[in-house]
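Notes for the one structure printed next.
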Amino acid sequence: MGKYRVAYATGSRADYGIVKKFLGLLDKDKDIEFSVLVTGSHLEDKFGHSVDIIRQDGFKIDLEIPLNIENDSNANVMHCMASALDCFGNYFENNKFDLLIILGDRYEMMAVAIAAAMQRIPILHLHGGEVTYGNYDEFIRHSITKMSQYHFTSTEVYRKRVIQLGEDPKRVFYLGALGAENCCKIDEEKVIEKVKELTAQKYWVVAFHPETLTAVKMEEQVREILTALQKNMDGMSVVFMGTNADTNSDIIRSSWLSYVNEHENAYYYENLNVDSFLYLVKNSMALIGNSSSGIIETPSLGRYTINIGDRQRGRVHGNSVIDVTCDSGMIGQAMKEIIGKNEEIINPYYVENTAENYYKKTKEILENGTSILKEFYDIF
């Protein structure tokens with residue numbers, strides 16, 4: 001039995017795959033009793049039941065909270081949040097941890113953070129300080145920051161922003177993005193055969209999610225993207241990735257599936273393990289969409305990103321990210337531009353030995369004794 005009890009809460013593939021190496025280091029430490037708490041889309045068949053990937057990775061799962069996600073309205077999203085808050089609140093009443101680790105800005109993680117904070121469990125927050133003006137993730141992320149006692153940020157700009165939010169600089173650490181480092185350490189033995197077979201051809205990868213704070217219509221955005229692909233693929237293929245469990249994501253999913261059913265050169269994956277996804281993007285023409293992976297991970301793979309719309313607006317990004325509105329002409333122009341591009345790609349999120357540094361700093365926090373107490377840090 002370890003001296004320290006630590007848990008990682010995860011609600012989707014978006015906040016699991018990128019942290020796997022870091023979690024593995026915690027799990028191997030004999031001083032740490034480590035477990036994973038699972039909820040959200042991980043437990044939904046229509047989102048690929050990605051809890052199976054966590055099991056395959058060998059982590060101990062202490063808790064599974066299904067939310068029966070219906071994401072056709074914000075009211076249903078809030079119902080999921082209420083269910084998560086109730087279930088995690090009851091769980092934390094009887095299960096105490098020295099540290100709970102949460103990544104990012106998902107609505108289900110907001111509920112987990114509230115439950116942990118109310119039950120006086122210290123929180124380590126990953127990827128705080130970032131901004132994404134087109135999504136409700138924006139205010140959720142900053143809210144989780146205020147409920148957390150410790151912070152690992154992915155850039156120095158974000159570290160300063162977390163401090164601006166009133167967090168003590170002694171508890172805010174710029175260590176880089178785990179996902180950016182993962183790209184340099186792909187385990188090809190874990191890449192599924194179907195993905196390896198795909199890389200024999202030229203293809204684009206599409207990873208697109210809803211904008212939940214803007215007034216855009218999903219149907220119109222999907223139509224613009226498909227029009228751009230049809231006009232500019234020039235005999236190449238396209239691989240669609242499953243969308244996040246956000247409001248109106250079903251519109252995107254059904255559109256991709258319909259397109260795949262009608263076109264031989266189109267493929268769809270609801271979920272891939274992290275090595276398969278990174279390998280897929282590394283061997284593609286580029287990533288098209290509005291996923292954070294296009295900003296944080298894709299540059300480390302030596303590939304360009306066509307970043308569509310406002311979902312990621314505000315994030316720091318390097319020279320490989322081309323920002324466009326959701327217009328078929330602009331998307332198509334970017335596709336043509338990428339084919340002729342050949343320049344050194346810089347990733348502002350990459351820091352050497354990120355996973356190891358995350359682990360060492362977490363162990364240091366535990367050894368120094370975690371606490372829920374903190375004061376607002378004024379910068380004036």
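Bear in mind the structure is a predicted one, so any value in this text is a computation, not a measurement.
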Using a strict 4.0 Å threshold on nitrogen-to-oxygen distance, state whether [X] and [Y] make a salt bridge.
X    : Y    : value
D187 : K185 : no
K196 : E188 : no
D62  : R5   : yes
K217 : E219 : no
R141 : D105 : yes

Can you hop from [X] to [Y] via hydrophobic side chains spaced under 4.5 Å?
X    : Y    : answer
V206 : V195 : no
Y8   : Y359 : yes
V38  : L103 : yes

For residues [X] and [Y], determine if any side-chain heavy atom of one lies less than 4.5 Å from a side-chain heavy atom of the other.
X    : Y    : answer
Y158 : V162 : no
T227 : K231 : yes
Y4   : E33  : no
Q221 : E211 : yes
M335 : I288 : yes
T354 : N357 : no

[atom2] on [Y] to [atom1] on [X], rounded to 0.5 Å:
X    : Y    : atom1 : atom2 : value
N68  : H79  : CG    : NE2   : 7.5 Å
E44  : T39  : CD    : OG1   : 9.0 Å
I331 : N232 : CD1   : CG    : 9.5 Å
Y267 : E264 : OH    : CD    : 8.5 Å
T145 : H142 : OG1   : NE2   : 7.5 Å
M109 : I123 : CE    : CD1   : 11.0 Å

*Stepwise, does the salt bridge (Lys or Arg N to Asp or Glu O under 4.0 Å) test hold for E156 with R159?*
CA-CA 5 Å; E156 178 63 19; R159 187 188 76 88; 2.9 Å; yes
*I would like to know whether D323 and R313 meet salt bridge (Lys or Arg N to Asp or Glu O under 4.0 Å); could you show each step before the answer?*
CA-CA 9 Å; D323 293 318; R313 186 167 66 87; over 6 Å; no
_Run the salt bridge (Lys or Arg N to Asp or Glu O under 4.0 Å) test on R55 and E64 for me, step by step, so that the C-alpha distance in whole Å, both residues' side-chain angles and the decisive distance to 0.1 Å come before the verdict._
CA-CA 12 Å; R55 291 197 184 97; E64 295 183 21; 2.7 Å; yes
[X] side chain to [Y] backbone, donor-acceptor under 3.5 Å:
X    : Y    : value
S154 : Y349 : no
H151 : F173 : no
R161 : G129 : yes
R303 : K282 : yes
D57  : K20  : no
D27  : L23  : no
R13  : S50  : no
N265 : M236 : yes
E181 : A355 : yes
R311 : P210 : yes

*Among L198, L301, T199, I192, which one satisfies side-chain contact (heavy atoms from CB on, under 4.5 Å) with Y279?*
T199
*asked:* Going by side-chain contact (heavy atoms from CB on, under 4.5 Å), S276 matches just one of L272, V274, L280. Which one?
replied: L272
*For the ring pair Y259 and F240, is the centre-to-centre distance below 6.0 Å?*
yes
Can [X] and [Y] be counted as having a side-chain donor-acceptor contact under 3.5 angstrom?
X    : Y    : answer
Q201 : S237 : yes
D86  : S83  : no
T132 : Q312 : no
D52  : H42  : no

Side-chain atoms of residues 363-380: list all donor-acceptor pairs with protein atoms under 3.5 Å, sequence neighbours left out, distances to 0.1 Å.
from	atom 1	to	atom 2	distance (Å)
K363	NZ	D29	OD2	2.9
K363	NZ	D31	OD2	3.2
E364	OE2	K361	NZ	3.3
N368	ND2	E364	O	3.3
T370	OG1	D98	O	2.8
S371	OG	L373	N	3.1
K374	NZ	K146	O	3.1
K374	NZ	S148	O	2.5
K374	NZ	E167	OE1	2.7
K374	NZ	E167	OE2	3.0

*Do you know which of K46, R253, H49 makes side chain to side chain donor-acceptor pair (under 3.5 Å) with E270?*
R253
*Can you tell which of E337, E343, K341 makes a side chain to side chain donor-acceptor pair (under 3.5 Å) with Y304?*
E343
_Between R171 and D168, does the salt bridge (Lys or Arg N to Asp or Glu O under 4.0 Å) criterion hold? Intermediate values first, please._
CA-CA 6 Å; R171 292 186 174 191; D168 187 341; 5.3 Å; no
*Please list all pairs passing the side chain to side chain donor-acceptor pair (under 3.5 Å) test where one or both residues lie in residues 290-302, with sequence neighbours left out.*
S291-S293, S300-N347
*Count the heavy atoms belonging to other residues, nucleotides or ligands that lie under 6.0 Å from NZ of K202, then report whether that count exceeds 12.*
no
